[in-house]
Number of protein chains: 2
Amino acid sequence: MAEELFQEIRQVDRLVHEPARLAILAVLYGVEEADFLYLLRTTGLTKGNLSAHLAKLEAAGYVEVRKRFLGKKPNTVCRLTPEGRQAFERYLTWLKRLARNLG
Amino acid sequence: MAEELFQEIRQVDRLVHEPARLAILAVLYGVEEADFLYLLRTTGLTKGNLSAHLAKLEAAGYVEVRKRFLGKKPNTVCRLTPEGRQAFERYLTWLKRLARNLG
DNA sequence: CCCTATGGTTTACACTGCAAACCGGTATGG
DNA sequence: CCATACCGGTTTGCAGTGTAAACCATAGGG
């Protein structure tokens, strides 16, 4: 159990680490695109939370949020940016390293 | 990629999930006992933070904090309680499940 | 004495996640 | 028509939390 691992734990990207956002990113990581209502169902977040977290992920450049109309209804569709994908994969690496070294 | 996994992500124990505390718990998980200064060095936290987080872990019943004097110097020694160990192991399970299903 | 070090604790604050309230539009019922 | 309810979100208010800086008691050195 290397000492440096413990210090490394704290270097995690908190933007990804937050459970609500981790759920959103995990969904997006597997699907190319997803709209607001789909994310709502899959993550189980409330609308307010989902909206706020998406805004934060967008501000960070991790997610691209596109608003359009589908017929007469507003529709918000999201996808991971390359940086978002990269950040998520870094997080996955962090996860695995922990799982390997602590478990 | 089961849908329920995404909901499960958000069920994580935030007390353990917090990086600073995760580092503390990870150290304690491997050592029977550790004193304040040892935790300070291994985790890289500041004294204030370490103190605050230990208090929180103690309040949660995850860590037992014993204060004594070593010669003339105060010495704070910590160890995981059974519930703390259990909570940490639950977290590890969560970690591994994520690593397996997302990676 | 005064100054510094040790081993912490307390304080102050800025940030953040959350749900409830809200909002502009659209379909619907009377 | 008028209102009323719904849809797809966004904004607001607040409580909780992580952080570093300031603080504190005691000990030791010059």
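A, B, ... follow the sequence lines: proteins, then strands. Residue 1 opens every chain.
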### Task
Take B:Arg14 and A:Glu18, measure what side chain to side chain contact (heavy atoms under 4.5 Å, CB included) needs, and give me the verdict at the end.
CA-CA 9 Å; B:Arg14 297 180 89 100; A:Glu18 163 63 29; 2.8 Å; yes
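- Look at NZ on A:Lys72: it is 20 Å from P on D:dC6, rounded to the nearest Å.
- Sorted by first then second residue, the side-chain hydrogen bond (donor to acceptor under 3.5 Å, both in side chains) pairs that include residues 61-70 of chain A, not counting sequence neighbours, are A:Asp13-A:Tyr62, A:Glu33-A:Arg66, A:Arg68-A:Asn75.
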### Task
Give the intermediate values and the outcome of side chain to side chain contact (heavy atoms under 4.5 Å, CB included) for residues B:Leu39 and B:Leu54.
CA-CA 10 Å; B:Leu39 285 171; B:Leu54 279 178; 4.2 Å; yes
#### Entry: B/S/- contact track for nucleotides 5-20 of chain C, protein heavy atom under 4.0 Å
-SBBBB-----SSBBB
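- B:Arg10 approaches A:Thr43 most closely through the heavy-atom pair NE-O, 3.1 Å.
- Between B:Phe88 and B:Tyr29, the ring-plane angle classifies as tilted under the 30° and 60° cut-offs.
- Across the protein-nucleic acid pair, A:Leu40 atom CG and D:dT10 atom P stand 11 Å apart, rounded to whole Å.
- Atom C1' of nucleotide D:dT17 and atom NE2 of A:His17 are separated by 14 Å, given to the nearest angstrom.
- Taking the six-membered ring for Trp and thresholds of 30 and 60 degrees, A:Trp94 and A:His17 have ring planes more than 60 degrees apart, a perpendicular arrangement.
- Put simply, CZ on A:Arg41 is 13 Å from P on D:dC7, counting in whole angstrom units.
- If you measure from atom CZ of A:Arg66 to atom C1' of D:dG9, you get 17 Å, rounded to the nearest angstrom.
- Between the CG atom of B:Leu15 and the P atom of D:dG16 there is a distance of 15 Å, rounded to whole Å.
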